[in-house]
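The structure appears right after this line, and notes come after that.
Every chain is numbered from 1, with letters handed out A, B, ... down the list of sequences. The model shown is predicted, which means the values in this text are computed figures rather than measured ones.
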Amino acid sequence: MTKTQQKPKKKGYDFTEVEPRIMQFWEKEKIFKFNTTNTEKEIFSFDTPPPTISGRLHMGHVFGDAQQDFIARYKRMKGFNVLNPFGTDNNGLPTLKLVEKEKKVNSKDMTREEFIELCQKTIKEEFIPQFLNDAKRLGISADWDIFYSTIDRRSRRISQKSFIDLYKMGREYRTECPSLWCTKCQTTIAQVELEDVDKNTIFNDIVFKIGNQDLIISTTRPELLPACVCVFVNKSDKRYKDIIGKKAKVPLFDFEVPILTDEKADPEKGSGAVMCCTFGDQTDMEWQKEYQLEIKEAITPNGKMTSLTGKYEGMKIEEAREEIIKDLKNAKLLIKQEKINHSVNVHERCGTPIEFINSKQWFVKYLDIKEDMIKWGEKVKWYPEYMQHRYTNWVKGLKWDWCISRQIPFGIPFPVWYCKDCNEIIVANEKDLPVDPLEDKPPIKNCPKCNSSEFVPEKDIMNTWATSSLTPEIIKDLLKDTKIYNKIKNEPMSIRRNGHDIITFWDFNSILKSQLHHKKNPWNTLMINGWMLGKDGKKMAKSRGNGVAPQDTIEQWGSDALRFLCATSKLGEDLSFPEAELTAGKKTITKLWNASKFVFMNLEDYNDRKPEKLEKIDDEFLKHLDNLVESVTTHFEDYNYSYAKDNIERFFWSDFADNYIEIVKKRIYNESGDKKLSAQYVLYKSLLTILKLFAPIMPFITEEIYQIYFKKTEGDKSIHISNWPEFNRKAKISETFNRFVEVLSKVRHAKTVAQKSMNSEISLTLDKDTVKKLGETLQDLQDVTNTKKFKEGEFKVEFI
RNA sequence: GGCCCCAUAGGCUAAUGGUAGACCAUCUCGUUUACACCGAGCAGACCCAAGUUCGAUUCUUGGUGGGGCCACCA
């Protein structure tokens, strides 16, 4: 191959070279560093839900993170001292599963300490660096030095302290009660971790005997027969009038249960008679409480039948169900089977139907303060506003206190021991935190109640949200040794941004904890983002194959283009991955590059001077620019990044590139002195303004252009810490500019219709009124339309 | 069953009590002092019904469709 055949050097904008370089520049120069010594500057702080690291950054992260970053960059340019920390969530089940899979280990074969160590090591070395790199590559402007993990020492300490404080406040209690239980994960789960799944099942009509009389009971769960404690019928149900108060014999198990009445027994459903087992479902539990029914446990925590079930003991739930059905058939006690489809509550992580298992669990008590919780939600500024309904509806629907204990080996332990003799609860001293009761000794030698010296450690760990709900505390604690700490420690953070799917998780729990601890909300504002859906309008999922990997998109289109796409939909709304926006974004980037190149080609003799007097059309254009700045600023203030983007984009393409540049071309080429200088001044100023307005959305291209052309004259190290453009509220737009553009487009139309080129020479006739309106700008109009002969009269375009 | 959001051209979206503005795609024409990742231009849309109104895409109610949350689910 000869030298002449070498690949020609790319002359356009090459994001593959620019973006990684700019990314390194930001990091090296610490452009996004939170100033911890300047206590004067107003702070704008972000509390972001830390992503669970279970692989690489995905589109879901990108969509929300990008939207937050638009705001972070805007606020920074607005002059705020922006606190934009970054955290990762890795103290829960997903991390446990990930590490077990990745390291091919079983957590049960290891001590808790060993496993936690392995988790932290694996996550820290193998997952977090890659994840953070992806986030940096997207241009997330976080201060990477302010970093936490929800399992690190600090988080463990804060989480345990929160537990102890709430316990001392009387907000936490431990009790034996039926809890939502996953027999696969072998842990209690919270209401919010449930998912509905439609399942095909069989509705069985089973015969109970009342003396010689048959009573038909319909059930989907015959395996719970041994746990049956009574039968309910509806008072109004005439069929069963005579049997109320009598006893019914449970088939196969031959024990008798009373027949009671309750409004919840629906005569329309099944036979109208329902068996109550403790605990088959939530209604059973409510009945148990209401009627003080005996508690019978048919299922063990690992999903097997108990000794109560006699010959079925040790079978799995499904096996026992099949066996019992078989035995009922043989005994001729099963008279009908009907296939039905009903929805079942399952554990969202593993899909296992949940059971209610009686066990000792820790709870945060909050059902008594529902009214307060609703009020606290009202004090937050919600963007968009309607998202508050989701919070309020959730609080209104709460039926359980918050069960915060989990029976998994990995997580933050309860800082609790129990007296072996009297069960007295011993909590750790605050100064010893974090502790692991399995390893550490209790803070006292003898039980204060019974003087016993033997203690049993609590081996459960706390639910991950018990910790994640404390991220504002964790973030503040990271800054404990800095000058700025006093300024932030008692103030709510400025904003939390997260997806609408976790309003009931993080937002709710965070508000609750902050209010209980400090009687204050954790932040002033909530910014709720929607989801990035697949191209088919459905949630991106591996199983659907509609996922798009951000790494691929960035490689092919660049981060700016991907961010541009993320700015398409309104705040809070879901977006079906609009591939066309990548094209639009890329075009805009190229156009910015070329327009800048053009502007500076013509500014070589400019030297940053301001003309004595601006040409009329230039002055008018600046007023338009002023209006643009005003509207874009307003939109960003309301977190309406999509409107902001739309406004800038339109102005840049249409007003600036297609019109203004064309208008001043001739003047710049042919004139000198103020006439030329006026155009140069406005080109410089308007291009800089456009770049600044675009900077929050497309940080890389705007930084590159700034560095090449503007840095020398403007002086700021980076466009992202330069000042946001000011606007003049008095900028009233006269009719001149609009009339000018109107005539221009009419001439262009005429040329198109005549199939002439845009710079074909013409003879132009304009009416008197238009000429008057155009005033001094007439010459510019003649230049841009390439008018060689001009006269007054009825509008006409003639070709020469 | 209760609640929330959405419904505009082929796709994605905007504004508005007086019938709608972009962008992508299509089509036509043009193209050399920034840009064929270009320019100019044509064509194309307010889910249905009732009500309020001089007038509704916009407000109200109901319906239909899509998304979500909650409850029920023997």
Mind checking whether A:Trp465 and A:Phe505 have parallel, tilted or perpendicular rings, split at 30° and 60°?
perpendicular
If you measure from the C1' atom in B:C42 to the same atom in B:A25, how many Å do you get, rounded?
15 Å
Would you mind telling me which residue lines up with the more 5' stretch of RNA chain B, A:Asn659 or A:Val599, judged by nearest nucleotide?
A:Val599
What is the distance from CE of A:Met758 to C1' of B:U33, rounded to the nearest Å?
19 Å
With hydrogens left out and only the distance checked, is there a donor-acceptor pair under 3.5 Å joining A:Lys591's side chain and the base of B:C35?
yes
Name the closest nucleotide to the A:Glu662 side chain, picking from B:A34, B:G41, B:C5.
B:A34
Considering only heavy side-chain atoms of A:Thr219, the closest of B:G21, B:C5, B:A74 is B:A74
So which nucleotide from B:A74, B:C35, B:A25 ends up closest to the side chain of A:Lys587?
B:A25
Kindly say if A:Tyr643 contacts the phosphate of B:A15, meaning a side-chain N or O under 4.0 Å from OP1 or OP2.
yes
Residues A:Asn498 and A:Asn529: side-chain donor-acceptor under 3.5 angstrom:
no
Just checking A:Thr583: base, sugar-phosphate only, or nothing, at a heavy-atom cut-off of under 4.0 Å?
nothing
Nearest-angstrom distance, P atom, B:C27 to B:G68:
37 Å
Pull out every protein N or O sitting under 3.5 Å from an N or O of nucleotides 66-69 of chain B, one pair per line with the distance.
residue: B:G68; atom: O2'; partner: A:Arg390; partner atom: NH1; Å: 3.2

From CZ of A:Phe651 across to C1' of B:G21 the rounded distance in Å is 17 Å
A:Lys751 atom NZ is separated from B:G39 atom C1', nearest whole Å, by 12 Å
So which nucleotide does B:A7 pair with, by the Watson-Crick or G-U wobble rule with both distances under 3.5 Å?
B:U64
Specify the separation, in whole Å, of atom CZ of A:Phe598 and atom C1' of B:G39.
14 Å
Expressed in whole Å, how much space separates the C1' atoms belonging to B:C23 and B:G55?
32 Å
Taking B:U60 as the reference, what is the distance to B:A20 when you measure between their P atoms (whole Å, please)?
23 Å
Between C1' on B:C37 and CD on A:Glu581, what's the gap in Å once rounded to a whole number?
15 Å
For a quick check of understanding: with a heavy-atom distance under 4.0 Å over all strands, which category does A:Asp646 fall into, base, sugar-phosphate or nothing?
nothing
Looking only at atom C1', what distance separates B:C3 and B:G44, rounded to whole Å?
38 Å
Pairs in or reaching into residues 565-577 of chain A: which pass salt bridge (Lys or Arg N to Asp or Glu O under 4.0 Å), with residues at least two apart or in two chains?
none
Nearest listed nucleotide, side chain of A:Asn759, among B:U32, B:A34, B:C6
B:U32
Any side-chain N or O of A:Lys665 under 4.0 Å from OP1/OP2 of B:A34?
yes
Under 3.5 Å, is there a donor-acceptor pair between the A:Asn640 and A:Tyr383 side chains?
no
Taking the six-membered ring for Trp and the single ring otherwise, decide whether the centroids of A:Phe600 and A:Phe710 are under 6.0 Å apart.
yes
A:Glu573, nearest nucleotide to its side chain (from B:C4, B:A34, B:C6)
B:C6
Looking across every strand, which nucleic acid part, if any, lies under 4.0 Å from A:Ala754 by heavy atom: base, sugar-phosphate, or nothing?
nothing
When rounded to the nearest Å, what value does the distance between C1' atoms of B:A49 and B:A56 take?
14 Å
Please compare A:Lys586 and A:Asn594 by the position of their nearest nucleotide in RNA chain B and report the one closer to 5'.
A:Asn594
Could you list the residues that satisfy side-chain contact (heavy atoms from CB on, under 4.5 Å) with A:Thr590, not counting sequence neighbours?
A:Asn594
Determine the interatomic distance between P on B:U19 and the same-named atom on B:A71; round to the nearest Å.
48 Å
Is the phosphate of B:G2 approached by A:Lys396 (side-chain N or O, under 4.0 Å from OP1 or OP2)?
no
Indicate, with yes or no, if the rings of A:Phe577 and A:Phe63 have centres closer together than 6.0 Å.
no
Aromatic plane relationship, A:Trp531 with A:His500 - under 30° parallel, 30 to 60° tilted, over 60° perpendicular:
tilted
Among B:C24, B:C12, B:A34, the one nearest any side-chain atom of A:Thr568 is B:C12
Which base sits across from B:A74 as a Watson-Crick or G-U pair, both distances under 3.5 Å?
none
Who pairs with B:G55 - Watson-Crick or G-U, where each distance is under 3.5 Å:
none
Euclidean distance for P, B:C47 against B:A43 (whole angstrom):
22 Å
Reckon A:Ser745 touches a base, only the sugar-phosphate, or nothing at all at heavy-atom distances under 4.0 Å?
sugar-phosphate
To the nearest Å, give me how far apart CG (A:Leu526) and P (B:C4) are.
20 Å
Separation of A:Ile661 atom CD1 from B:A40 atom P, in whole Å?
12 Å
Pair A:Asn786, A:Glu761: side-chain N/O donor-acceptor within cut-off below 3.5 Å:
no
For A:Tyr669 and B:U33, do the ring centres fall under 5.5 Å apart while the planes stay under 30° apart?
yes
Taking any strand in view, what nucleotide pairs with B:G39 in a Watson-Crick or G-U wobble way, both distances under 3.5 Å?
B:C29
Are A:Phe737 and A:His624 near enough that their ring centres are under 6.0 Å apart?
yes
With a 3.5 Å cut-off and no angle check, do the side chains of A:Asp205 and A:Ser218 form a donor-acceptor pair?
yes
Please classify the nucleic acid contact of A:Glu579 as base, sugar-phosphate, or nothing, using heavy-atom distances under 4.0 Å.
nothing
Which nucleotide in the set B:A74, B:A34, B:C24 lies at the smallest distance from any side-chain heavy atom of A:Ala584?
B:C24
Per atom distances to the A:Thr752 side chain, the nearest of B:A40, B:A34, B:G39 is B:A40
d(CZ, A:Arg748; P, B:G41) in whole Å
7 Å
